[in-house]
Every structure is written in structure tokens, then in C-alpha cells.
Amino acid sequence: MQITDVRVRKVAKEGKLKAVVSITIDDEFVVHDIKVIEGEKGLFIAMPSKKALDGEYRDIAHPINSGTREKIQTTILNRYGEALEEEEPEAIDEM
């Protein structure tokens, strides 16, 4: 499995949610709405989920093993870091 595209949509408002990401796998399958979240131990991803009738959130799509989860998370967080670096620096008004 190869992640062939990562699209990062940064979240402008303050809070734990930093970005919403879509990934393409093998140029054939897309997973939307993966969240990049700032936690107590740093950034992590949350797979797309929906609220069930019992009030619990359940993943709609998720990796079956920890190796695949780590590969997806590393790829997404690396691309998120690149997206942050691509931001235009703020203009400084010198007087």
C-alpha cells in the first residue's frame, strides 16, 4: 500500500483540531476527513468517524494493524509540517 496523495486543509481557528486531511491510496482509493489533533503528547490523527445511536463515535474507515496506522500517521504529520512551512511569513511593518 502506498499513500500517493495527501491534501491538508488547515483549520484557522484556535483549538485542538489543527487540520482535516484527505489521503489517496495507490492512486485508487480516497479517505476524507482524517483529523490532525493537538493532544497532550503532541500531534496525532483521528480517522473519520460518525456518531452512533448510542452516542459513541465509531470509525468509518481505519487501518487494521498498528504498522499501517503508523505509516498513515507519519505520512500525514510530515505533510502537515510541510504545509505549515509553506505559509507565507507575516509582513512586519517597520517604522
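We count residues from 1, following the sequence as given.
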Looking only at heavy atoms, which two atoms of Lys71 and Gln2 are closest? And how far apart? NZ-NE2, 3.9 Å
Side chain of Asn65, backbone of Thr68: donor and acceptor closer than 3.5 Å? yes
Quick one: are Ser49 and Arg58 in side-chain contact, heavy atoms under 4.5 Å? no
Can you tell me how far the NZ atom of Lys18 sits from the NZ atom of Lys10, to the nearest 0.5 Å? 12.5 Å
Distance-minimising heavy-atom pair for Pro48 and Ile34: CD-CG1, 3.9 Å
Under 6.0 Å from the CZ atom of Phe29, do we count more than 12 heavy atoms belonging to anything else shown? no
Drop me the distance from Arg69's CZ to Phe44's CZ, to the nearest 0.5 angstrom. 9.5 Å
Where do Thr4 and Ile25 come nearest, in terms of heavy atoms and distance? OG1-C, 4.1 Å
Going through the distances and angles, do Lys50 and Glu56 end up as a salt bridge (charged side-chain N to carboxylate O under 4.0 Å, His left out)? CA-CA 8 Å; Lys50 71 177 190 175; Glu56 293 287 320; over 6 Å; no
Given the rule in the salt bridge (charged side-chain N to carboxylate O under 4.0 Å, His left out) test, do Asp33 and Arg9 qualify, once you have shown the distances and angles that lead to the verdict? CA-CA 10 Å; Asp33 297 331; Arg9 296 181 309 278; 3.8 Å; yes
Within the structure provided, determine whether Val30 and His32 are in side-chain contact (heavy-atom separation under 4.5 Å). yes
Taking the side chain as every heavy atom from C-beta outward, state whether Pro63 and Glu70 have any pair of such atoms under 4.5 Å apart. no
Nearest heavy-atom neighbours spanning Met47 and Val31: CE-CG1, 4.4 Å
What heavy-atom pair brings Arg79 and Val8 nearest, and what distance separates the two atoms? CG-CG2, 3.7 Å
When rounded to the nearest 0.5 angstrom, what distance separates CD1 in Ile45 from OG1 in Thr75? 9.0 Å
Note: Asp27 and Thr24 closest approach over all heavy atoms is CA-CG2, 3.7 Å
Say you draw a straight line from CD1 of Ile3 to CG of Asn78; how long is it, rounded to the nearest 0.5 Å? 10.5 Å
